[in-house]
Amino acid sequence: MGWSESAMIAGARDVGVSPAIVGAFPRKEAALVEFFMDDCLQQLIDRIDAGEGELLKNLVLSERLSKLVRMRLEMQGPYISKWPQALSIQSQPANIPTSLKQRAVLVDEIWHAAGDAGSDIDWYVKRTVLGGIYSTSEVYMLTDNSPDFRDTWTFVSRRIKDALDLQKTFQEAAYLAEAVGAGMGGSLQGVLNRVFKN
């Protein structure tokens, strides 16, 4: 049935509610996907709060992030054959704002659980990069035929490690540029002082 009004009607019948209740949801399919996304986020938060968050503290940052992304993506595993339909629903113009908000909250929760409490410009960059990794991993998972999505978990780990290595490289380049600039600035200032003193 997938992410459809038919699935909502069947679900209403399963819990003993009149199928007419489905009419109360003007964005039927979108409401179903949004509920699933919110429910998965809550399950992730509950798992972190129930003790899995403590286990993360023993891991390096890239492993913490990979573990958290995997925990969340594993929740889609049972629905993977119908997940393209959910992605299609999320990408409809009327649903994009809610979809983006849900992704932003998810990525923020993952960073928070991984130990990030920053509030500088890096806060936005980190979340944007991880959001991209999450989304590409989700699409990769759709075509992964390996046992238990093993190739997807390798993909997630590599992308996160690559992103963190790239961040480190940028930071090192910035420090080098600052040091070179300070050194050159000092030398230039010295030359200018000598020229203008004479």
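Predicted model, so just to flag it, every value in this text is computed and none were measured. Position 1 is the first residue of the sequence, and the numbers go up from there.
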Would you indicate whether the side-chain heavy atoms of Glu29 and Gln92 approach each other to under 4.5 Å?
no
Do Phe149 and Leu73 come close enough that some side-chain heavy atom pair is under 4.5 Å?
no
Is the closest side-chain donor-acceptor distance between Gln42 and Asp46 under 3.5 Å?
yes
Are the ring centres of Trp111 and Trp123 closer than 6.0 Å?
no
Thinking salt bridges, do [X] and [Y] make one under a 4.0 Å N-O criterion?
X	Y	value
Asp144	Arg150	no
Lys67	Glu63	no
Arg103	Glu138	yes
Glu109	Arg72	no
Lys161	Asp165	yes

Check this for me: Asp148, atom CG, are more than 12 non-hydrogen atoms of other residues, nucleotides or ligands nearer than 6.0 Å?
no
Report yes or no: is the cationic atom of Arg159 (NZ for Lys, CZ for Arg) under 6.0 Å from the centre of the six-membered ring of Phe155, at an angle within 45° of the ring normal?
yes
Partner of Arg158 under side-chain contact (heavy atoms from CB on, under 4.5 Å), picked from Ile160, Thr154, Val156, is Thr154
